[in-house]
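Note that the numbering runs from 1 along the sequence shown for the chain. Note that ligands are numbered from 1 as they come in the structure, with each ligand's atoms numbered from 1 the same way.
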Amino acid sequence: MNEMEFAPRCVGLSSGKPTDPCCIVVFGAAGDLSRRELIPALYDLACQSLLPEPFTIVGFSRDNWDDQAFRERMRRAVSEERTFDAQHWERFAPHLHYVTGNFDAPPEGDYALLRDKLQSLQKRHGIPDNVLFHLATPPDFFCGIVNRLDAAGLATSDHGWRRLVIEKPFGTDERSARDLDRKILEVFKEDQTYRIDHFLGKETVQNLLVVRFANPSFEPIWNRNYIDHVQITVAEDIGIGTRAGFYEKTGVVRDMVQNHLLQLLCMTAIEPPVRYDGAGLRDETAKVMQAIRPLDVRKDAVRGQYGPGHMDGKAVPGYRAEKNVVPESNTATYAALRVMIDNWRWAGVPFYLRTGKRLARKVTEVAIHFKPTPHLMFPIEQDSSSGNVLAFRLQPEEGIMQTFVAKQPGPGLCLEPVTMNFRYASAFGIEQLPNAYSWLLHDAMGGDQTLFARADWIYRAWQIVEPVIAHWTSEVAPDFPNYTAGSWGPLAADGLLRADKRAWKSL
Ligand code: BG6
């Protein structure tokens, strides 16, 4: 069975049925995100017959292309990102169209061209007036695009629906996020607004919920009585590539912690929702966020910035030597946090979060560290490394590993930690899991907001991280760069756990 034949969600979270016929307009269609994620994700859906019929995609970007040039570029992009199937592509490509336009053009200019193109495609292919706008542009353009869509008469329809998908980061702090929302809500309603965090579209992240709530064995021990602490790691081996302009302004907390890491924490910590739907899941994640204790930045947070080092035997520059980064940059590329959740389930259980660029390798993992046994009858010392750990390997080598102690065969009593290993690849016979964006776009086309962040979640996420951002911006880090590219981060991050008599799990 190859990846395209894998029947998605066969016993899963949605029906996998094609959604309403519609047009998707991708703003920033010539950009990195569109090339690397969005168009390949839509191609994947097409390969699995999960796109609605009729259907069309209109790219809108500054690059001076026509439909043909857009298709040619996207063909190259898809063949770089996916196992390419020429026949599938030939069927998919005619759905792709393009409008050259400036995001900040007057509504009666490029946006009118977009409107005309949509109308003519709808007429030609008999597509009802349902349009999903996906803003894959730098965040500075979000408001302007929404206003121009409104002014050009594109934001409403008497016969169909309009939906807006917005990429992260949603604002740069709580105030700007509220401001952005206010402006969006003048045009689109909350139930038309899809704030996307692609981590929630990952199979393995959704599986956290399934493992917890579809198996009776985990939930009874999923609390402070049995769990000592939780470690959430999103380690990346890549640097910032060509994204210095974005990253210098954003930094690791806005780029990764405010969204992806807090979402992983929520998926690990939530109470069972009554129903798996938008209201149920989002109400419960909001409660987790409310229970997070304000961070004491000096005690609970460690920052880092990578210096030069070696990755795969090749020398790589430090952050400050990356193109378009200022030589004295104070931007953090690594963060480790101790987060406490003040509720009945989690009182006293620290959640340690860490993420960084240019770490030893790419690993995303949620590891549940259980408490030691209350009484060990064997005549040996029980150290923290002998504890049970349940590790959800979210990527790569996706799976779940349970570590426990077993008797080493032989005379005498020698206890050894061993691992039971569930791997997606062998259990489901697929090497590459479906793309996170595929599911999220599919859900957005189907009007399902379950896996999209609600406004209150976003505001609270900013409240949680703002003290860290404020402190790290106002106080220059005297020791930057403080970790070598290719290492596991700054020494101070080890100190964060050592202070609690714990250590980071090796990955
Ligand atoms: C993005 C961040 O949201 O997530 C990137 O902007 C990061 O900096 C990426 O590299 C990580 O996503 P994934 O799916 O590769 O873990």
Any donor-acceptor N or O pair under 3.5 Å, side chains Tyr306, Asn482: no
Residue pair Asp181, Phe170: steps toward the side-chain contact (heavy atoms from CB on, under 4.5 Å) verdict: CA-CA 9 Å; Asp181 253 336; Phe170 193 90; 3.3 Å; yes
Verdict with supporting geometry, Glu167 and His134, side chain to side chain donor-acceptor pair (under 3.5 Å): CA-CA 8 Å; Glu167 286 293 332; His134 192 125; 2.8 Å; yes
Selection residues 460-497 - residue pairs positive for ring-ring contact (aromatic ring centres under 6.0 Å, His included), sequence neighbours left out: Tyr334-Tyr483
Axial cation check for Phe199 ring with Lys202, 6.0 Å and 45° limits: yes
is_close_aromatic(His229, Tyr352), centroid dist under 6.0 Å: yes
Within the 4.0 Å heavy-atom sphere of ligand 1, strictly under, residues: Lys168, His198, Phe199, Lys202, Glu236, Ile238, Arg243, Asp255, Met256, His260, Lys357, Lys362, Gln395
